Engineer: 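One structure is given below, represented as structure tokens, and several questions about it will come after.
Just so you know, these numbers come straight off a predicted model, no measurement behind them. Lettering of chains follows the sequences in order, A, B, ..., and the numbering in each one begins at 1.
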Amino acid sequence: MKRVKIIEEFPIPWSEATIQAFRETLLAWYDQEKRDLPWRQTKDPYKIWVSEIMLQQTQVNTVIPYYERFIEALPNIQALAEAEEETLLNLWQGLGYYSRVRNMQTAAQQVMGEYGGQLPKTAEALRTLKGIGPYTAGAIASIAFGEPEPAVDGNLMRIVTRLFEIGEDIGKASTKRQITAYLYQMIDPKRPGDFNQALMDLGATIMTPANLTPELSPLKAFDQSYQHGTAELYPVKKSKVTVTEHSFLAYILMNPNGEVLFRKHGEGELLTGLWHFPLIEQTLVMDEATEQEMLEPLTDWLTGTDLAFSKEQFHLSLPQAYRYDREQLLRHLPLVKHQFSHRLWYVQLVPVQVNQSSNSLSGQLEWLTLEELKTYPMSTLQTKLLQRWLPDLGV
DNA sequence: AAGCCGGGGAG
DNA sequence: CTCCCAGGCTT
């Protein structure tokens, strides 16, 4: 079975004595402090099932009146299986996630047809029912049937990662396996349902996401993050960084000596110290763009550099082959996509001829031959641009 | 693995 | 106001 396998994969770093002490401490706290909730007055698996489905999506105080009303209207699995859809939706109205009550009815019909009207007792069998995943299966199996199954929800993940200072992303399947494996080894086989509910209560009231110094926690002695003051580091959730999109023109400025203008990115700039074609943030060149419009961002930028640029002195143009053939030009302006951790760049390459070179260059700008250019420190982005422009250069 | 589902609460 | 939350299903 899965249990044995994942325990072998992730043995808990606690002695038997520590595990025993942990169970006793946690359950003593629960016996003292447990919340008095309607679904804790019953051992009816159906009622526990209903409460768990509702609690997946909504907080306890909101759930209570819905739970009471639902149980009164549909007091058993058969009633749920036979209910009109309209009845279901009325009972669920305001809770959201209406597919869940539909799934629950499908599962009730499964139970009537395949399990003789009785919920199966093992987590594995419960999982075959529509809408019952690992968490809900563990909750029903432990609370209603006394099976030693953990019910791993967000509360338990937070608590376990803090207790053991587990710094892996809890979104990863392997981290969930580790947390589940530890809980299999921690769970009290004599009171598995209370063990799970104790951790849920603790997570909801004391070891909350925001409470980083849970002075009232009964688990302080077992809690590495509390001992080390590192609670804020757990759990690790891979943040969905908002990726902002930017578009640039990368000008390949070629002088009569066969050299290309290269610029070193300065302090405070992305990719500091690395050499790139001049990159100018600009909407991408469209089909209707004229040569003038394509070159304007470049002339504007050059005016502000130390190239002693003036429109009178320098003449910029697109390569001859492109000047009068718009279709060919646009086909040959390659677009390079580059993903940073926090932004997505679209960079369009624009080759440009300049009729004369300039001598007055600072250290930030250099005219380089293709061979010299290859020896300068470049970013992956610049390597990509170069590769796209001249695939045969061998960078 | 990632998007979707839909409310409520926190900031 | 926006952001975040918690599970399970679907692709």
Engineer: Reading DNA chain C from 5' onward, which residue's closest nucleotide shows up sooner: A:L55 or A:N103?
Structural biologist: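 Per heavy-atom nearest nucleotide, the more 5' residue is A:L55.
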
Engineer: Round to a whole Å and report the spacing from CG of A:N155 to C1' of C:dC4.
Structural biologist: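 It is 15 Å, rounded to the nearest whole Å.
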
Engineer: A:Q56 CD to C:dC5 C1': how many Å, rounded?
Structural biologist: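 Checked: the CD to C1' distance equals 13 Å.
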
Engineer: Just by protein heavy atoms under 4.0 Å, how would nucleotides 6-11 of chain B read 5' to 3' in B, S and -?
Structural biologist: BS-S--

Engineer: Quick one: are A:Q185 and A:I6 in side-chain contact, heavy atoms under 4.5 Å?
Structural biologist: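 They are not in contact (no side-chain heavy atoms under 4.5 Å apart), so the answer is no.
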
Engineer: Could you tell me which non-hydrogen atom of A:V354 sits nearest to which non-hydrogen atom of A:W367, and how far apart they are?
Structural biologist: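 It is CG1-CH2, 3.7 Å.
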
Engineer: Using whole Å, report how far CD of A:E168 lies from P of B:dA1.
Structural biologist: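 Interatomic distance, CD of A:E168 to P of B:dA1: 13 Å.
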
Engineer: Can you find a side chain N or O atom of A:K130 that sits less than 4.0 Å from OP1 or OP2 on C:dT10?
Structural biologist: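 True: A:K130 side-chain N/O within range (under 4.0 Å) of C:dT10 OP1/OP2.
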
Engineer: Tell me the interatomic distance from A:M157, atom CE, to C:dC4, atom P, rounded to whole angstroms.
Structural biologist: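 Rounding to the nearest Å, CE of A:M157 and P of C:dC4 are 17 Å apart.
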
Engineer: Classify the nucleic acid contact of A:I53 as base, sugar-phosphate or nothing, counting any heavy atom under 4.0 Å across all strands shown.
Structural biologist: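 No contact.
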
Engineer: I need the CD1-P distance between A:I170 and C:dC4, as an integer number of Å.
Structural biologist: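 Atom-to-atom, A:I170 to C:dC4, this comes out as 14 Å.
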
Engineer: Touch check for A:P209, heavy atoms < 4.0 angstrom, all strands: base, sugar-phosphate only, or nothing?
Structural biologist: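 No contact at all - A:P209 keeps every heavy atom at 4.0 Å or more from the nucleic acid.
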
Engineer: Figure out the CE/P separation between A:M104 and C:dG8, and round it to whole Å.
Structural biologist: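 After rounding, the reported distance stands at 14 Å.
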
Engineer: Would you measure the distance from the P atom in C:dA6 across to the matching atom in B:dG11 and give it in whole Å?
Structural biologist: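 Those two atoms are separated by 14 Å.
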
Engineer: Which residues satisfy the side-chain hydrogen bond (donor to acceptor under 3.5 Å, both in side chains) test with A:Q224, sequence neighbours excluded?
Structural biologist: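 side-chain hydrogen bond (donor to acceptor under 3.5 Å, both in side chains) list for A:Q224, sorted by chain: empty.
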
Engineer: Is the shortest side-chain N to carboxylate O distance from A:D31 to A:R191 below 4.0 Å?
Structural biologist: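 Salt bridge between A:D31 and A:R191, a charged N being under 4.0 Å from a carboxylate O: yes.
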
Engineer: State which residues pass side-chain hydrogen bond (donor to acceptor under 3.5 Å, both in side chains) with A:Q41; sequence neighbours excluded, sorted by chain then number.
Structural biologist: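 side-chain hydrogen bond (donor to acceptor under 3.5 Å, both in side chains) list for A:Q41, sorted by chain: A:D36.
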
Engineer: How many Å lie between CG on A:L129 and P on C:dG8, as a whole number?
Structural biologist: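 About 12 Å, once rounded to whole Å.
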
Engineer: Flag the pair A:Y66 / A:M54 as yes when at least one side-chain heavy-atom distance between them is below 4.5 Å, and no otherwise.
Structural biologist: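 Side chain of A:Y66 against side chain of A:M54, heavy atoms only: contact under 4.5 Å found.
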
Engineer: Between A:Y346 and A:F248, is the ring centre distance below 6.0 Å?
Structural biologist: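 No.
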
Engineer: Can a side chain N or O of A:K237 be found less than 4.0 Å away from OP1 or OP2 on C:dC5?
Structural biologist: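 Affirmative; the distance criterion is met.
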
Engineer: Expressed as a whole number of Å, how far does the C1' atom of C:dC9 sit from that of B:dG8?
Structural biologist: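 About 22 Å, rounded to a whole number of Å.
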
